[in-house]
Number of protein chains: 2
Amino acid sequence: MELLKNKAGKRVFKKTDECAIRNVVAQIGDKWSMLILFSLVDGPDRFNSIKSRIEGISQRMLTQTLRDLEREGYINRTVYPEVPVKVEYKLTEMGNELVKPLYTLVLWADEHHKAIKQSRKAYDERVQ
Amino acid sequence: MELLKNKAGKRVFKKTDECAIRNVVAQIGDKWSMLILFSLVDGPDRFNSIKSRIEGISQRMLTQTLRDLEREGYINRTVYPEVPVKVEYKLTEMGNELVKPLYTLVLWADEHHKAIKQSRKAYDERVQ
DNA sequence: CTCTTTAGTTATCTAAGGTTACCAAAATGT
DNA sequence: ACATTTTGGTAACCTTAGATAACTAAAGAG
């Protein structure tokens with residue numbers, strides 16, 4: 001993985017879909033994917049319930065991102081033919097696995113949040 | 001962290017900048033940030049060298065993303081007044097720390113790459 | 001006196017991301 | 001009878017992130 005190197009022995013990152021980093025970014029680097037995944041860690045949930053729990057998400061983006069996550073294999077979609085219809089989304093086995101490394105990342109971000117804010121402030125003052 | 005819950009006891013994700021997940025995505029969810037960070041893990045490097053190692057990145061996006069990463073505090077920028085001028089970028093202490101959880105994520109993505117591809121194929125056949 | 005290399009900036013264009021408004025179907029309220 | 005609510009969407013539009021390409025400066029090489 002990522003072992004391609006140039007003459008100087010430095011890593012090279014090709015466009016190919018074999019580049020794991022580009023895959024990660026393409027799959028969960030968008031604005032909503034991670035939020036939706038984390039909204040399902042405590043159990044399955046319905047469309048409108050997810051929507052109400054993720055502040056600022058539009059119906060369109062929720063639909064679209066749920067489709068994408070389903071396509072990748074991170075969530076399952078089940079329709080219950082009640083009235084009104086009920087659609088339940090839940091993490092797959094793989095989705096549950098994915099959330100683990102994501103969670104360590106989120107914890108890291110939370111711990112370093114203050115330091116990052118300070119860095120931004122210092123940069124803005126330095127650069128004016 | 002992320003402990004806000006609604007009446008049903010489910011997590012709620014507010015727009016506020018205190019939401020760690022939104023911060024992670026905003027900081028490194030763009031197309032180039034992770035690639036640049038990983039291009040510096042084996043040591044500092046210069047602008048054009050980084051550019052040549054990250055296939056497809058334009059000068060504009062490299063400049064812009066390097067500035068952003070510097071502002072967040074993940075990399076340092078050093079100008080050597082040689083001729084022609086040499087500009088070196090290196091990970092900060094915090095940048096090095098950030099790469100660790102990112103790396104476990106990238107490893108995960110690499111391991112599950114085949115399963116994801118299969119899931120996509122199955123989805124596309126199912127939905128046509 | 002043009003060419004190269006360095007590390008950018010500026011201007012413009014387009015594709016992806018996102019907002020707003022609208023849809024159907026059936027129960028419930030008045 | 002008729003509007004309202006709740007469900008999970010879709011269609012048309014707009015906005016911004018990212019791509020493309022041309023331009024800059026500064027000094028040495030030919």
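Numbers restart at 1 for each chain; the letters A, B, ... are given by sequence-line order, proteins then strands. Everything numeric here is computed off the predicted structure, so don't read it as measured data.
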Under the rule for side chain to side chain contact (heavy atoms under 4.5 Å, CB included), what residues qualify as partners of K90(B), not counting sequence neighbours?
P44(B), N76(B)
Walk along DNA chain C from 5' to 3' and tell me the first and last nucleotide with an atom closer than 4.0 Å to a non-hydrogen atom of chain B.
dT5(C) to dA11(C)
Side chain to side chain contact (heavy atoms under 4.5 Å, CB included) evaluation trace for D110(B) with V24(A)
CA-CA 9 Å; D110(B) 202 50; V24(A) 170; over 6 Å; no
Closest approach of [X] to [Y] (non-hydrogen atoms, all atoms of both residues):
X	Y	value
E72(B)	I116(A)	OE1-CG2, 3.3 Å
S119(A)	E70(B)	OG-O, 3.9 Å
R22(A)	E55(B)	NH2-O, 2.7 Å
V106(A)	M34(A)	CG2-CE, 3.5 Å

If you look at every strand shown and take non-hydrogen atoms under 4.0 Å, does Y80(A) touch a base, only sugar-phosphate, or nothing?
nothing
Can you tell whether the side chains of D42(B) and R11(A) come within less than 4.0 Å, N to carboxylate O?
yes
Distance, nearest 0.5 Å, that separates CD1 of I21(B) from OH of Y103(A):
9.0 Å
Could you give the distance from CD1 (I57(B)) to OG (S52(B)), rounded to the nearest 0.5 Å?
11.0 Å
With a 4.0 Å heavy-atom cut-off, tell me which residues in residues 38-55 of chain B come close to DNA chain D, sorted by residue number.
none
Tell me which residues in residues 67-76 of chain A lie within less than 4.0 Å of DNA chain D, going by non-hydrogen atoms.
R67(A)
So, do [X] and [Y] sit near enough that their side-chain heavy atoms are less than 4.5 Å apart?
X	Y	answer
V99(A)	Y74(A)	no
K51(A)	N48(A)	yes
M94(B)	W108(A)	yes
I50(A)	L40(A)	yes
V25(B)	I28(A)	no

Using a 4.0 Å heavy-atom cut-off, write out nucleotides 14-30 of chain D from 5' to 3' as B (base contacted by protein), S (sugar-phosphate only) or - (no contact).
----SBB------S---
Please report the C-alpha distance between N6(A) and R53(B) in whole Å, then the side-chain angles of each, then the deciding distance to 0.1 Å, and finally whether the side chain to side chain contact (heavy atoms under 4.5 Å, CB included) criterion is met.
CA-CA 8 Å; N6(A) 64 8; R53(B) 290 162 52 217; 3.5 Å; yes
Using the C1' atoms of five pairs at each end, what's the angle between the two axes of the helix from dC1(C)-dG30(D) to dT30(C)-dA1(D), to 10 degrees?
30°
